[in-house]
Amino acid sequence: MSGSGPHKTTIREATCRVKYDMTGPDAGQIHFVTAMAPVKVVVVGAGVIGLSTAVCLAENLPNCSVTIVSQHLSPNTTSDGAAGILITTEFPDVPVDRQLRWFKDTFDHLLAIAESSEAGKAGVFLSTGCQIFKEVPRDKKPYWSDVVLGFRTLTERELKRFPHHKFGHAFTTLKCECMSYLPWLEKRFRNAGGMIIQEKVTDLRSLASHFDIVINCSGLGCCSFLEDVDVEPIRGQVVHLHAPWVKNFIRDADGKTYIYPGMNSVILGGTRQVGDWRLEVDEVDRQGILARCCSLEPSLRGGHILREWVGLRPGRRSPRVEKEQIQLQDGRKVPVIHNYGHGGNGVTLSWGTALNVLRLVSQCIQHPPISRL
Ligand SMILES: Cc1cc2nc3c(=O)[nH]c(=O)nc-3n(C[C@H](O)[C@H](O)[C@H](O)COP(=O)(O)OP(=O)(O)OC[C@H]3O[C@@H](n4cnc5c(N)ncnc54)[C@H](O)[C@@H]3O)c2cc1C
Ligand SMILES: O=C(O)CCC(=O)C(=O)O
């Protein structure tokens with residue numbers, strides 16, 4: 001954090017932390033908390049990864065105070081523009097059972113929201129459709145098939161809709177629209193006593209000098225203060241179409257063409273341009289997206305464009321969810337927990353990787369390398 005400190009920066013309704021109810025059943029714990037200063041945790045980033053992580057920590061660790069420091073807030077993060085469909089790929093450097101847990105934890109968390117009266121406010125709902133393949137895949141049943149609902153193979157009759165494709169899956173998954181979900185999470189975070197500071201971090205070390213534990217959820221932004229040669233942008237362009245008659249999603253398994261009906265528009269995608277930092281809408285990309293999507297779902301030709309958007313996915317061979325330690329000049333060792341590099345799967349893995357961070361922070365608190373504890 002820069003020398004200006006939290007009070008001189010843009011603090012959005014900074015709320016005080018009132019974790020313990022003096023009159024509640026946990027009144028006995030008040031003594032403990034007031035006698036011991038809370039562990040000060042800072043989360044860098046307020047996209048879907050940062051907010052999910054901050055909520056998990058603030059709601060589950062009563063002896064921690066949690067602050068988010070973020071350059072951009074909703075609706076100006078990459079997460080805000082994501083299609084928000086829960087679907088995953090396989091990362092090469094993470095054991096499959098760990099990836100499965102990240103996905104299942106996220107799915108179960110969002111399914112509970114979709115089934116609750118909060119669903120509309122949070123922008124989370126079930127979505128049914130199919131994923132189709134131009135060639136029959138070697139692995140006909142992906143490792144995540146039991147996480148989604150009603151997974152099955154497409155019938156020959158269903159496949160007739162897609163003459164250029166030879167195989168397909170049908171299933172029900174979730175769609176989590178971050179334009180609604182992020183403000184909803186932000187409110188939940190503030191209700192748990194969390195504080196948000198809008199500021200750019202330029203150096204983790206100086207941030208660490210103000211906190212006991214640092215959590216890095218800065219997505220592609222980590223490039224500005226971290227040396228990680230594996231991180232690169234993967235540009236994605238989408239078109240929002242008004243076509244309310246389209247109810248089911250269609251995804252080409254190559255990941256380049258998809259049609260995702262949402263609350264207010266159908267999202268058509270996409271592009272995956274590795275190393276491309278351009279944020280402007282590209283005319284040629286738009287024509288390609290429309291042509292490919294209309295060839296899968298010809299009725300889209302009757303829709304009209306509402307808006308277009310470009311985002312840069314935080315590309316990495318595999319997400320980085322792990323702990324390291326940095327040593328400050330005064331000798332103090334501060335744990336830094338990374339949670340970034342989710343590529344095109346950040347919404348899909350958001351709650352699962354946040355819970356993973358919660359487990360890592362809990363270990364730090366039980367075995368603190370923090371000199372003041
Ligand atoms: C077109 C498109 C469609 C997508 N569709 C899906 C989908 O359907 N399903 C899915 O799972 N994923 C999807 N994704 C991927 C998803 O958007 C990302 O994986 C996800 O947004 C990453 O979240 P994040 O919180 O890590 O990053 P971001 O949303 O980029 O958030 C990073 C945060 O860190 C802050 N920050 C960065 N640097 C600094 C700094 N130096 N100091 C302070 N703060 C900093 C930023 O301001 C921001 O608040 C899509 C992506 C694109 C581009
Ligand atoms: O891959 C998909 O189909 C969902 C959209 C997405 O995740 C992306 O464009 O990054």
Side-chain angles (χ1 to χ4, degrees), residues 1-2 9 42-54 68-89 102-103 106-107 110 127 129 131 173-178 181-182 185-186 196-204 207 215-226 231 233-240 249-260 262 267-273 276 279 285 289 308-316 319-321 338-354:
M1 206 182 324
S2 77
T9 56
V42 65
V43 176
V44 182
V48 72
I49 302 300
L51 274 169
S52 304
T53 304
I68 291 176
V69 178
S70 188
Q71 183 179 7
H72 300 293
L73 303 170
S74 179
N76 299 315
T77 72
T78 305
S79 304
D80 285 285
I85 200 80
L86 265 67
I87 192 157
T88 194
T89 43
W102 288 343
F103 184 24
T106 310
F107 195 93
L110 290 173
S127 180
Q131 166 157 245
T173 185
L174 289 149
K175 193 166 185 299
C176 170
E177 300 200 342
C178 283
Y181 184 58
L182 296 193
L185 278 183
E186 189 181 315
I196 299 180
I197 299 172
Q198 189 168 10
E199 186 168 309
K200 182 172 180 177
V201 172
T202 50
D203 174 22
L204 279 191
L207 185 69
I215 320 285
N216 171 23
C217 305
S218 56
L220 189 60
C222 73
C223 295
S224 66
F225 55 79
L226 209 66
V231 180
I234 305 176
R235 182 179 178 276
Q237 181 166 324
V238 289
V239 176
H240 286 247
F249 74 80
I250 305 172
R251 176 184 204 264
D252 191 312
D254 68 11
K256 289 188 185 141
T257 307
Y258 49 75
I259 299 164
Y260 290 124
I267 296 190
L268 311 183
T271 66
R272 289 181 198 265
Q273 294 133 319
D276 188 340
L279 276 170
D285 286 340
I289 290 167
E308 294 170 272
W309 182 79
V310 174
L312 305 179
R313 302 174 185 89
R316 200 171 185 275
R320 183 178 183 199
V321 186
H338 298 284
N339 186 11
Y340 67 87
H342 298 68
N345 302 97
V347 184
T348 305
L349 304 177
S350 55
W351 200 257
T353 53

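Atoms within each ligand, like the ligands themselves, are counted from 1 in listed order. Numbering starts at 1 and runs along the sequence shown.
For a threshold of 3.5 Å applied to N or O pairs, the pair formed by Leu73 and ligand 1 contains no separation below that value. Ligand 1 has an N or O atom lying under 3.5 Å from an N or O atom of Ala46, backbone or side chain. Checked by distance only, ligand 1 and Lys200 stay at 3.5 Å or farther apart across all their nitrogen or oxygen atoms. Between Gly344 and ligand 2, at least one N/O pair is under 3.5 Å apart. Considering backbone and side-chain atoms alike, His72 places an N or O below 3.5 Å from some N or O of ligand 1. Taking distance alone, with nitrogen or oxygen atoms compared against 3.5 Å, Ser79 approaches ligand 1 more closely than that limit. For ligand 1, none of its N or O atoms has an N or O atom of Gly236 under 3.5 Å away. Below 3.5 Å of separation, one finds an N or O of Arg272 facing an N or O of ligand 2. For ligand 1, the polar-atom distance check finds no N/O of Pro314 at less than 3.5 Å from any of the ligand's N/O atoms.
Which parts of ligand 1 touch Gly311 is read off a 4.0 Å heavy-atom cut-off, strictly below it: atoms 53 (C). Each of the atoms 43 (C) of ligand 1 lies under 4.0 Å from some heavy atom of Glu199. Near Val201, with a cut-off below 4.0 Å to any heavy atom, the atoms of ligand 1 are 40 (C), 41 (N), 42 (N), 43 (C). Near Val347, the atoms of ligand 1 lying under 4.0 angstrom from a non-hydrogen atom of the residue are 10 (C), 11 (O), 12 (N). Residue Gln71 approaches ligand 1 through these ligand atoms, each under 4.0 Å from one of its heavy atoms: 43 (C), 44 (N), 45 (C), 47 (O). Close approach to Ile85 involves these atoms of ligand 1, each under 4.0 Å from a residue heavy atom: 7 (C), 8 (O), 9 (N), 10 (C), 11 (O). The ligand atoms of ligand 1 that sit less than 4.0 angstrom from a heavy atom of Val238 are 1 (C). Residue contact check: Val48 has heavy atoms under 4.0 Å from atoms 23 (O), 25 (O) of ligand 1.
At a heavy-atom distance under 4.0 Å, only side-chain atoms of Ser224, from C-beta outward, approach ligand 1. Heavy atoms of Phe103 found under 4.0 angstrom from ligand 1: none, in either backbone or side chain. Under 4.0 Å from ligand 1, the heavy atoms of Cys217 that appear belong solely to its backbone.
Gly269 does not count as a contact of ligand 1, since none of its heavy atoms falls under 4.0 Å from the ligand. Heavy atoms of Trp309 come nearer than 4.0 angstrom to ligand 1 in at least one pair. Within the structure, ligand 1 lacks Tyr340 among the residues with a heavy atom less than 4.0 angstrom away. Using 4.0 Å as the threshold, Gly84 has a heavy atom nearer than that to some atom of ligand 1. Ligand 1 lies out of reach of Arg235, whose nearest heavy atom is not under 4.0 Å from it. Within the 4.0 Å heavy-atom shell around ligand 1 one does not find Leu220.
Nearest to atom 15 (C) of ligand 1 among the protein's heavy atoms is Gly343 O, 3.3 Å. Annotation: atom 38 (N) of ligand 1 to nearest protein heavy atom, Gly221 CA, 3.3 Å. Ser70 OG, 3.8 Å is the protein heavy atom nearest to atom 46 (C) of ligand 1. The nearest protein atom to atom 51 (C) of ligand 1, hydrogens excluded, is given as Arg313 CG, 3.6 Å; this is a heavy-atom distance. Nearest protein heavy-atom neighbour of atom 17 (O) of ligand 1: Ala82 CB, 3.4 Å. The protein non-hydrogen atom at the shortest distance from atom 26 (O) of ligand 1 is Ile49 CG1, 3.3 Å. Of the protein's non-hydrogen atoms, Ile85 CG2, 3.5 Å is the one closest to atom 4 (C) of ligand 2. The nearest heavy-atom contact from the protein to atom 31 (O) of ligand 1 is Gly47 CA, 3.5 Å. Atom 12 (N) of ligand 1 has its closest protein heavy atom at Gly344 O, 3.0 Å. Shortest contact from atom 10 (O) of ligand 2 to any protein heavy atom: Arg313 NE, 2.5 Å.
Within the 4.5 Å cutoff, the side chain of Asp80 has heavy atoms near those of the Leu182 side chain. At least one side-chain heavy atom of Asp285 sits less than 4.5 Å from a side-chain heavy atom of Gln273.
Checking Asn339 against Thr53 by side-chain atom types alone, a donor-acceptor pair falls below 3.5 Å.
With respect to Pro233, the side chain to side chain contact (heavy atoms under 4.5 Å, CB included) criterion is satisfied by exactly one of Leu312, Leu279, Asp276: Leu312.
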